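All remarks here apply to the structure that follows.
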Number of protein chains: 2
Amino acid sequence: MPTIDAAELRPVPIEAGVGGGYDCAVSASEPNPWHRVSRRSAYENPWIELFHDEVIRPDGQPGIYGVVHFRHRAIGVVPLDEGSDSVLLVGQYRYTLDRYSWEIPEGGGGFDESPEAAARRELAEETGYAGGTWRELCRSDISNSVTDEVAILFVATDLVAGTPNPEGTERIDTRWVPFDEAMAMIGRGEITDAIAIIALQAVALERALAKETAGG
Amino acid sequence: MPTIDAAELRPVPIEAGVGGGYDCAVSASEPNPWHRVSRRSAYENPWIELFHDEVIRPDGQPGIYGVVHFRHRAIGVVPLDEGSDSVLLVGQYRYTLDRYSWEIPEGGGGFDESPEAAARRELAEETGYAGGTWRELCRSDISNSVTDEVAILFVATDLVAGTPNPEGTERIDTRWVPFDEAMAMIGRGEITDAIAIIALQAVALERALAKETAGG
């Protein structure tokens with residue numbers, strides 16, 4: 001049975017971590033310590049497919065892994081009105097959690113379409129807002145212990161109001177909230193959706209940096 | 001067939017959103033617009049159970065929903081060394097994504113144990129670090145379109161080094177990185193894990209607020 005080399009696991013001393021120029025790309029080439037023995041599709045629907053894999057684990061022992069493959073990318077957008085410094089939130093009942101959730105507009109995009117096009121479509125469907133100026137904020141692996149779901153997040157300004165056209169699976173409420181109030185909602189645990197938190201935090205950090213730069 | 005009341009979907013005018021005292025708790029009492037007709041367990045392993053539900057959707061039409069139930073809470077911690085202003089990152093190959101990922105120390109906690117106790121155990125197992133002062137940062141629903149996974153996130157200081165003892169499913173690399181460099185890694189797309197991004201951004205926002213307060 002292969003054993004783990006203790007040297008790989010020894011923490012780097014704190015001192016060595018300060019000011020060092022870490023090249024994390026080196027680790028990207030590390031070999032996969034998992035070995036897949038077999039894979040079967042255990043479940044599928046139009047949104048996900050679940051694979052049950054038999055594997056050899058990193059410690060050399062046999063094991064299993066259930067992987068939830070997402071058939072779409074998640075997309076999300078922070079719709080900002082700069083004049084009033086407000087953000088457009090959407091509220092909906094989340095079936096998975098059995099409770100109501102306030103979030104940014106989100107949806108699914110095909111891997112064969114541009115993430116921005118998908119985000120523009122979802123925003124228009126859920127809220128009616130269209131047009132404007134869009135910028136990608138960041139990308140994130142949402143739940144990488146079990147799923148391969150990826151989210152691509154945007155911020156949009158100068159949007160134009162229109163008529164929403166939600167899907168049959170959606171009953172959407174919308175609300176413009178002052179940006180600082182949206183951040184306070186995260187602080188109070190009233191916004192808990194990961195995609196919404198990541199995107200709103202990213203915008204808030206950009207603002208803090210801009211303020212700091214202007215102030216210095 | 002029930003129809004959606006257009007009034008529910010009409011966006012609140014931007015003007016009304018500014019300075020208004022929104023009481024989002026009102027919406028928490030909105031009735032569930034989904035109706036579950038049947039539920040069967042389609043797959044299970046020690047970490048997840050997948051339910052295939054037949055439902056009546058919010059628009060009154062029949063549909064299905066595949067819900068991935070997580071048997072554990074996700075926990076994560078930002079381990080900070082205040083003297084060197086560094087954060088301890090862990091690197092591991094993520095089987096779901098088929099690539100290497102730098103993250104904060106994360107793991108799973110039982111619903112019958114305290115989240116902080118679970119986070120302390122996972123940190124010690126993965127990195128050897130223990131003790132110190134802990135504070136909860138925030139909670140998040142990680143992927144609420146398909147799963148009920150919840151993450152509870154902490155920041156820890158004054159940790160004491162020890163010997164790691166990872167599980168057989170883990171081959172962990174550790175690295176102390178200057179905090180600003182960890183944030184730059186998010187900006188460069190080198191840290192993409194949602195739990196890591198939320199926790200690191202939360203700490204960065206606390207720091208920005210403290211600096212602003214001190215500067216004003």
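Order of the sequence lines sets the chain letters (A, B, ...), proteins ahead of strands, with each chain counted from 1. The basis for the numbers below is simple: all heavy atoms, side chains too, and nothing from hydrogens, waters or symmetry mates. Computed from a predicted model, the values in this text were never measured in an experiment.
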For a quick test of reading the model, state the closest non-hydrogen atom pair linking [X] to [Y] and the distance between them.
{"X": "P46(A)", "Y": "I64(B)", "result": "CD-CD1, 4.1 Å"}
{"X": "A202(A)", "Y": "Q201(B)", "result": "N-NE2, 3.8 Å"}
{"X": "N144(A)", "Y": "S101(B)", "result": "ND2-OG, 4.0 Å"}
{"X": "L97(B)", "Y": "D148(A)", "result": "CD2-CA, 3.9 Å"}

Mind ranking [options] by heavy-atom pairs under 4.5 Å with chain B and telling me who comes out on top?
{"options": "E44(A), E103(A), Q92(A), M183(A)", "answer": "E103(A)"}
{"options": "A42(A), A208(A), G63(A), S143(A)", "answer": "S143(A)"}
{"options": "V90(A), T169(A), N45(A)", "answer": "T169(A)"}
{"options": "G83(A), S145(A), A74(A)", "answer": "S145(A)"}
{"options": "W47(A), F70(A), W34(A)", "answer": "W34(A)"}
{"options": "I197(A), L50(A), V67(A)", "answer": "L50(A)"}

Stepwise side-chain contact (heavy atoms from CB on, under 4.5 Å) test for E149(A) and V146(B): CA-CA 10 Å; E149(A) 183 181 15; V146(B) 168; over 6 Å; no
Check side chain to side chain contact (heavy atoms under 4.5 Å, CB included) between A124(B) and all other residues, then give those that pass, not counting sequence neighbours. none
Chain A contact via [X] - which portion, at a heavy-atom distance below 4.5 Å:
{"X": "I198(B)", "value": "both"}
{"X": "R94(B)", "value": "side chain"}
{"X": "L205(B)", "value": "both"}

If you apply the rule side-chain contact (heavy atoms from CB on, under 4.5 Å), what do you find for Y65(A) with T96(B), and how did you get there? CA-CA 9 Å; Y65(A) 213 120; T96(B) 51; 4.0 Å; yes
CA sep, side-chain torsions, deciding dist, call: D141(A), R99(B), side-chain contact (heavy atoms from CB on, under 4.5 Å): CA-CA 11 Å; D141(A) 307 309; R99(B) 60 179 164 73; 3.0 Å; yes
Of all of V68(B), D180(B), V150(B), T147(B), which one pairs up most often with chain A through heavy atoms under 4.5 Å apart? T147(B)
Atom pair CD1 (I191(A)) and SG (C138(B)), whose distance is rounded to the nearest 0.5 Å: 12.0 Å
Atom CD1 in I142(A), atom CD1 in I142(B): separation rounded to 0.5 Å? 7.5 Å
Between S140(A) (side chain only) and T192(B) (backbone N and O only), is there a donor and an acceptor less than 3.5 Å apart? yes
